[in-house]
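What follows is a single structure, written as structure tokens, with notes after it.
For the numbers below, each heavy atom of this structure counts, side chains included, while hydrogens, waters and symmetry mates do not. Numbering of residues begins at 1 and proceeds along the displayed sequence.
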Amino acid sequence: QVQLVESGGGLVQAGDSLRLSCAATVRSFSSYAMGWFRQAPGREREFVAAFRWSGESTYYADSVKGRFTISRDNARNTVYLQMNSLKPEDTAVYYCAVRTSFINNSGLYNKDAMDYWGKGTLVTVSS
């Protein structure tokens with residue numbers, strides 16, 4: 001059973017930074033890709049960032065490109081999301097997700113392609 005536990009959310013002001021963490025019980029070789037998604041009140045869950053364990057490429061939503069950075073610690077099976085220059089529109093519950101089998105680039109952006117999800121961590125950015 002794959003378990004994903006997110007942490008690091010909180011209340012910050014616009015312009016501040018936060019780093020989210022996702023601790024995964026699944027080992028990197030059992031996981032094809034990992035990503036972060038977010039869901040704001042009244043909106044659908046949307047893609048934020050992702051990577052494949054087998055490569056160095058990272059993928060970002062246009063709305064966070066240049067401000068957010070996804071990274072990983074293979075030894076700890078942990079994925080991070082460094083969020084800088086936060087904006088009120090970044091307010092959402094942030095979810096970590098795992099894809100366990102091959103998927104093409106466009107599939108990484110698709111929440112329905114993920115196999116496992118964490119319970120989320122709330123990020124609130126005040127103006």
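- Side-chain contact between Arg72 and Cys22 is absent, with no heavy atoms from C-beta onward closer than 4.5 Å.
- Hydrophobic clustering (ILVMFWY, side-chain heavy atoms < 4.5 Å, transitive): Tyr80 and Trp36 are in distinct clusters.
- Checked by atom type and distance alone, the side chain of Arg67 pairs as donor or acceptor with a backbone atom of Ser85 at under 3.5 Å.
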Give the intermediate values and the outcome of side-chain contact (heavy atoms from CB on, under 4.5 Å) for residues Met83 and Ser17. CA-CA 5 Å; Met83 306 185 295; Ser17 298; over 6 Å; no

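- Across all non-hydrogen atoms, the minimal contact from Val98 to Ser31 is CG1-OG, 3.5 Å.
- In this structure, the side chain of Ser57 does not engage the main chain of Gly55 through any donor-acceptor pair within 3.5 Å.
- No salt bridge links Asp90 with Lys87; every basic N to acidic carboxylate O contact stays at or beyond 4.0 Å.
- Both tests do not hold together for Arg99 against Trp53: distance to the six-membered ring centre under 6.0 Å, angle to the ring axis within 45°.
- Annotation: salt bridge (Lys or Arg N to Asp or Glu O under 4.0 Å) contacts of Glu89 (sequence neighbours excluded): none.
- When all heavy atoms of Ala97 and Met114 are compared, the closest pair comes out as CB-CG, 3.6 Å.
- Under the 3.5 Å distance criterion, the side-chain polar atoms of Thr121 are left unmatched by any main-chain donor or acceptor of Glu6.
- Using cut-offs of 30° and 60° on the angle between ring planes, the pair Phe47 and Tyr109 is tilted.
- Cation-pi geometry between Arg45 and Tyr95 is met: the NZ or CZ atom falls under 6.0 Å from the ring centre, inside 45° of the normal.
- In the model, Arg52 has a side-chain atom that pairs as donor or acceptor with a side-chain atom of Tyr59 under 3.5 Å.
- With values rounded to the nearest 0.5 angstrom, Leu81 atom CG is found 8.5 Å from Ser71 atom OG.
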I would like to know whether Val123 and Thr91 meet side-chain contact (heavy atoms from CB on, under 4.5 Å); could you show each step before the answer? CA-CA 5 Å; Val123 173; Thr91 295; 5.9 Å; no

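- Between the side chain of Tyr60 and the backbone N or O of Ile70 there is at least one donor-acceptor pair closer than 3.5 Å.
- The pair Arg38-Glu46 meets the salt-bridge criterion, since a charged nitrogen lies less than 4.0 angstrom from a carboxylate oxygen.
- Atoms NZ and CG, on Lys119 and Leu4 in that order, are 11.5 Å from each other to the nearest 0.5 Å.
- A continuous path of hydrophobic side-chain contacts links Phe37 to Leu122 [ILVMFWY only; heavy atoms under 4.5 Å].
- Rounded to the nearest 0.5 angstrom, Tyr32 OH and Ser54 OG are separated by 5.0 Å.
- The CG atom of Leu11 lies 6.0 Å from the OG1 atom of Thr124; values are rounded to the nearest 0.5 Å.
- Residues satisfying the ring-ring contact (aromatic ring centres under 6.0 Å, His included) test with Tyr94, not counting sequence neighbours, are none.
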What verdict does the side-chain contact (heavy atoms from CB on, under 4.5 Å) test give for Ile103 and Leu108, after you've listed the backbone C-alpha separation in whole Å, the side-chain angles of each residue and the deciding distance to 0.1 Å? CA-CA 7 Å; Ile103 197 165; Leu108 290 173; 3.8 Å; yes

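- One finds the OG1 atom of Thr69 at 6.5 Å from the CG atom of Asn84 (value rounded to the nearest 0.5 Å).
- Here the closest non-hydrogen pair linking Gly8 and Leu18 is O-CD2, 3.6 Å.
- Every residue two or more places apart in sequence or in another chain was checked for a ring-ring contact (aromatic ring centres under 6.0 Å, His included) with Phe68, and none qualifies.
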